[in-house]
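Just so it is clear, the model here is predicted, and its values are computed rather than measured.
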Amino acid sequence: NMKFALSSLSFYVVLLHLVNIQVSTAATTTSAATTSAATTAAAPTAAPTGPPPPTNLQFTTVGTDSLVVEWTVSSAAKYRVTHQAASALGETESGTDITGNTHTVSPLSPGALYTIRVYGISSADVSGVALTGNQRTVPSAPGAISVADGAATTTDITITW
């Protein structure tokens, strides 16, 4: 963010170092009368603990009310799967202590977009980062389809449901 004022120019820089997951902030203020610099570093945060997440998330079967997900295993002993509808505020637990590399996520709503997350679990540690993918379920088929009388010509047809 850059802020402009009548007598000073302030720069706020946030540096996120992804390798060590350290966050530091620096603020520098310059004015016509004086020049000062102040740096404040946040205490380093610990790198995520737990096993690495799996890789290669695939949606192998997509239905109206379920999704079958598969992944390539990591060094984790087990896996945890969550789902979140695009309109929802939080994750819903779908499966935990999964020992294989596949899981059926259900029940879901037809035609809805979901974010699926797969976490690795070893002992009591859960991976700090999840393997994530998005998939929409199949919409419901329309019901009670009918053709209105006299609504069909050689080039057009009116269908209602």
Side-chain angles (χ1 to χ4, degrees), residues 1-2 11-26 40-161:
N1 292 332
M2 284 204 266
F11 297 97
Y12 294 98
V13 179
V14 176
L15 172 63
L16 177 60
H17 188 280
L18 295 176
V19 175
N20 293 322
I21 312 297
Q22 295 177 342
V23 178
S24 61
T25 59
T40 304
T45 57
T49 60
T55 58
N56 194 30
L57 182 64
Q58 297 180 26
F59 296 90
T60 58
T61 304
V62 178
T64 56
D65 64 352
S66 65
L67 299 169
V68 177
V69 294
E70 291 184 6
W71 57 86
T72 301
V73 298
S74 67
S75 61
K78 298 177 183 178
Y79 299 93
R80 173 180 161 225
V81 177
T82 66
H83 67 277
Q84 180 177 358
S87 60
L89 295 177
E91 296 178 54
T92 300
E93 188 82 36
S94 178
T96 189
D97 293 335
I98 300 166
T99 56
N101 69 329
T102 186
H103 179 72
T104 300
V105 180
S106 67
L108 302 175
S109 298
L113 179 63
Y114 288 92
T115 298
I116 306 299
R117 294 179 182 90
V118 183
Y119 299 87
I121 303 172
S122 287
S123 301
D125 290 333
V126 176
S127 55
V129 179
L131 173 62
T132 303
N134 297 309
Q135 179 64 51
R136 186 176 298 279
T137 54
V138 176
S140 296
I145 297 174
S146 64
V147 176
D149 288 339
T153 67
T154 56
T155 59
D156 295 313
I157 188 168
T158 300
I159 301 173
T160 59
W161 62 89

A.B. asks: When the side chains of residues 67-75 are checked against the rest of the protein, which donor-acceptor pairs come out under 3.5 Å, sequence neighbours left out?
C.D. replies:
from, atom 1, to, atom 2, distance (Å)
Thr72, OG1, Asn56, ND2, 3.4
Ser74, OG, Pro52, O, 2.8
Ser74, OG, Ala76, N, 3.2

A.B. asks: Rounded to the nearest 0.5 Å, how far does NE2 of His83 lie from CD of Glu91?
C.D. replies: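 Those atoms lie 10.0 Å apart.
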
A.B. asks: Kindly list each side-chain donor-acceptor pair under 3.5 angstrom involving residues 154-161, sequence neighbours excluded, with atom names and distances?
C.D. replies:
from, atom 1, to, atom 2, distance (Å)
Thr160, OG1, Ser146, OG, 3.0

A.B. asks: Tell me the side chain to side chain donor-acceptor pair (under 3.5 Å) pairs involving residues 96-114, sequence neighbours left out?
C.D. replies: Ser94-His103

A.B. asks: Could you measure the distance from the CD1 atom of Ile116 to the CD atom of Gln84? Nearest 0.5 Å is fine.
C.D. replies: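 Reported to 0.5 Å precision, the distance equals 10.0 Å.
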
A.B. asks: I would like to know whether Val81 and Val105 meet side-chain contact (heavy atoms from CB on, under 4.5 Å); could you show each step before the answer?
C.D. replies: CA-CA 8 Å; Val81 177; Val105 180; 4.0 Å; yes

A.B. asks: State which residues pass ring pair (Phe, Tyr, Trp, His ring centres under 6.0 Å) with Tyr119; sequence neighbours excluded, sorted by chain then number.
C.D. replies: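 For Tyr119 there are no ring pair (Phe, Tyr, Trp, His ring centres under 6.0 Å) partners, ignoring immediate neighbours.
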
A.B. asks: Got a second to check how far Leu131's CG is from Gln58's CD, nearest 0.5 Å?
C.D. replies: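 If I round to the nearest 0.5 Å, the distance is 10.0 Å.
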
A.B. asks: In chain order, what residues pass the side-chain contact (heavy atoms from CB on, under 4.5 Å) check against Asp125, with sequence neighbours excluded?
C.D. replies: Thr49, Pro51

A.B. asks: Does anything in residues 129-144 pair up under side chain to side chain donor-acceptor pair (under 3.5 Å), and if so which pairs, sequence neighbours excluded?
C.D. replies: Thr115-Asn134

A.B. asks: From Tyr79 OH over to Ser127 OG, what is the distance, rounded to the nearest 0.5 angstrom?
C.D. replies: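 OG of Ser127 is found 9.0 Å from OH of Tyr79.
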
A.B. asks: Testing the basics here: between Ile121 and Arg80, what is the closest heavy-atom pair and its distance to 0.1 Å?
C.D. replies: CD1-CB, 3.7 Å

